[in-house]
Amino acid sequence: ARILSALQEGVLATDTEQVLLHANDAARKLLDIKGETSGRRLWEVCRVAQLNSMVDVALETHEPDEQTLQVGTRFLEVSVELLPNGGSGPGGVIIVCQDVTEHHRLESIRVDFVADASHELKTPLAVIKGMVETIIDDPAMPKDVRAGFLSKIAQQTNRLSHIVDELLQLSRFDQFYQSDPGLIELDLVGLTRHAVKSQESLATSRSIILDFRTGLENSQVMGDRESLVQLLVNLLDNAIKYSVSGDTVVVELKQAGDFMNVAVIDEGPGIPEEDQSRIFERFYRVDPARSKELGGTGLGLSIVKHIASTHGGEITVQSKVGAGSTFTLSLPKLG
């Protein structure tokens with residue numbers, strides 16, 4: 001009984017009349033069983049109808065059963081096995097419940113991700129295919145028309161390349177942090193200044209002013225240089241693309257307790273409140289048409305969130321429609 005109580009899996013045992021012989025703490029928690037169980041029948045203390053039905057069928061047919069059940073917000077993998085009694089029928093049942101909620105969530109994310117990625121890749125591929133077939137079917141096509149088709153093919157090819165590059169980045173970061181990431185001591189001030197400088201040409205081409213502000217000479221954090229630069233570049237790229245000529249994008253670095261905060265502040269269109277909780281999801285776009293027009297894939301902010309979390313930090317957003325957005329990266333300060 002002591003061993004069963006220590007298990008993370010929920011374990012219950014009943015006799016042939018479904019009177020409970022044992023219920024460990026994990027089973028009580030997973031099945032929301034309260035109060036005394038000794039001498040009470042399973043269906044009296046467990047309100048999970050599907051599980052009770054599984055036990056009824058197992059005792060009636062003398063056959064074990066295994067199913068995945070949803071109990072509230074949890075998903076449980078439930079196995080019902082027969083207890084021997086030395087005779088022709090069962091001596092009762094033993095029920096094992098394992099919480100597979102996280103596995104179910106990750107599987108759902110994987111399925112959604114594959115569907116979303118396929119959809120994103122399918123659109124430019126269809127455009128390219130249609131235009132190539134048109135060119136092949138019309139060898140006498142005027143040069144200016146052909147040039148227009150080829151220009152659009154090049155645009156869609158660049159879009160495909162961009163999507164694949166960002167998918168590979170996500171994959172690389174996943175693999176990198178599943179192994180030993182080997183984080184090193186970095187100067188966040190110098191690293192942020194480098195990221196800002198790398199985006200100056202994009203800002204200049206769109207007549208956007210980049211303003212880096214900090215009162216610190218240096219600040220040490222543990223991190224992977226390439227990943228953190230990528231994170232900051234993604235935030236700056238978004239801020240610049242969603243700004244208009246003459247706007248200023250401010251990058252502000254300061255200490256906040258045990259954390260270093262890097263805020264990227266723009267004067268863009270802002271993000272509706274109902275979208276703010278979803279903008280870090282893969283392929284999610286607030287304005288799909290404008291995002292695609294600007295070359296966005298819907299992956300940039302999911303990469304940002306992933307890198308921040310694997311560094312023990314977080315990324316938050318404050319925004320109001322028509323009043324710009326502030327994305328803040330918080331990283332644990334070293335020392």
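Here the structure is a predicted model, which is why all the values come from computation and not from measurement.
Comment: Asp25 does not engage Lys29 in a salt bridge, judged by the lack of any side-chain N to carboxylate O separation of less than 4.0 angstrom. Salt-bridge formation is not detected for the pair Arg146/Asp144: no Lys NZ or Arg NE/NH1/NH2 atom is positioned less than 4.0 Å from an Asp or Glu carboxylate oxygen. Salt-bridge formation is not detected for the pair Lys333/Asp258: no Lys NZ or Arg NE/NH1/NH2 atom is positioned less than 4.0 Å from an Asp or Glu carboxylate oxygen. Taking 4.0 Å as the cut-off between side-chain N and carboxylate O, Glu36 and Arg40 do not count as a salt-bridged pair.
With a 4.5 Å cut-off on side-chain heavy atoms, Val229 and His194 count as touching. No side-chain heavy atom of Val96 sits under 4.5 Å from any side-chain heavy atom of Glu81. Contact annotation: the side chain of Leu202 approaches that of Asp237 to within less than 4.5 Å [non-hydrogen atoms, C-beta and beyond]. In this structure, Gln220 and Leu186 have side chains that are not in contact, with every pair of non-hydrogen atoms separated by 4.5 Å or more. With a 4.5 Å cut-off on side-chain heavy atoms, Leu329 and Met260 do not count as touching. Proximity of Val251 to Arg213: side-chain heavy atoms (C-beta onward) are nowhere separated by under 4.5 Å. Looking only at side-chain heavy atoms (C-beta outward), Ser245 and Ile208 stay at 4.5 Å or farther from each other. Under the 4.5 Å side-chain criterion, counting only non-hydrogen atoms from C-beta, Arg74 is not in contact with Val100.
Between the CG atom in Asn24 and the CD1 atom in Ile33 there is a gap of 9.5 Å [rounded to 0.5 Å]. The distance from the CG atom of Asp266 to the OG1 atom of Thr248 is 11.0 Å, given to the nearest 0.5 Å. Taking CD from Gln276 and OG1 from Thr316, the interatomic distance works out to 10.5 Å, rounded to the nearest 0.5 Å. Rounded to the nearest 0.5 Å, atoms NZ (Lys241) and CD (Gln199) are 9.0 Å apart. Taking CE from Met131 and CD1 from Ile136, the interatomic distance works out to 14.0 Å, rounded to the nearest 0.5 Å.
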Pair Leu51, Leu42 - check side-chain contact (heavy atoms from CB on, under 4.5 Å), show working. CA-CA 10 Å; Leu51 187 148; Leu42 176 66; 3.7 Å; yes

Residues Val93, Leu83; criterion side-chain contact (heavy atoms from CB on, under 4.5 Å); working and verdict: CA-CA 5 Å; Val93 296; Leu83 290 172; 5.7 Å; no

For a side-chain hydrogen bond (donor to acceptor under 3.5 Å, both in side chains) check, start with the C-alpha distance between Asn261 and Ser330, then their side-chain angles and the critical distance, and finish with the verdict. CA-CA 5 Å; Asn261 287 354; Ser330 295; 2.7 Å; yes

Any chance you could lay out the side-chain contact (heavy atoms from CB on, under 4.5 Å) test for Phe280 and Ile315, step after step, and finish with the verdict? CA-CA 9 Å; Phe280 297 103; Ile315 186 79; 3.6 Å; yes

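Between Thr16 and Gly91, the shortest heavy-atom contact is CG2-C, 3.7 Å. The two residues Gly312 and Pro332 come nearest to each other via the heavy atoms O-CG, 3.5 Å. Contact record, Leu253 with Leu188: CD1-O, 3.7 Å, taken as the closest heavy-atom pair. Taking both residues in full, the closest heavy atoms of Pro124 and Leu160 are given as CG-CD2, 3.6 Å, listed atom of the first, atom of the second, then distance. Across every non-hydrogen atom of Ala195 and Leu232, the tightest pair is CB-CB, 3.7 Å.
Side-chain contact of Thr37 with Arg28: a donor-acceptor pair under 3.5 Å is present, judged by distance alone. In the model, Asp65 has a side-chain atom that pairs as donor or acceptor with a side-chain atom of Gln67 under 3.5 Å. Between the side chains of Asp56 and Gln18, at least one donor N or O lies within less than 3.5 Å of an accepting N or O.
A 6.0 Å sphere centred on CD of Glu217 holds no more than 12 heavy atoms belonging to other residues, nucleotides or ligands. Crowding of Gln318 atom CD: a count of heavy atoms from other residues, nucleotides or ligands under 6.0 Å not exceeding 12.
Val19 belongs to no hydrophobic cluster with other residues, because no ILVMFWY side-chain heavy atom falls under 4.5 Å from its own, directly or through intermediates.
Using cut-offs of 30° and 60° for the angle between ring planes, the His104 and Phe75 rings count as parallel.
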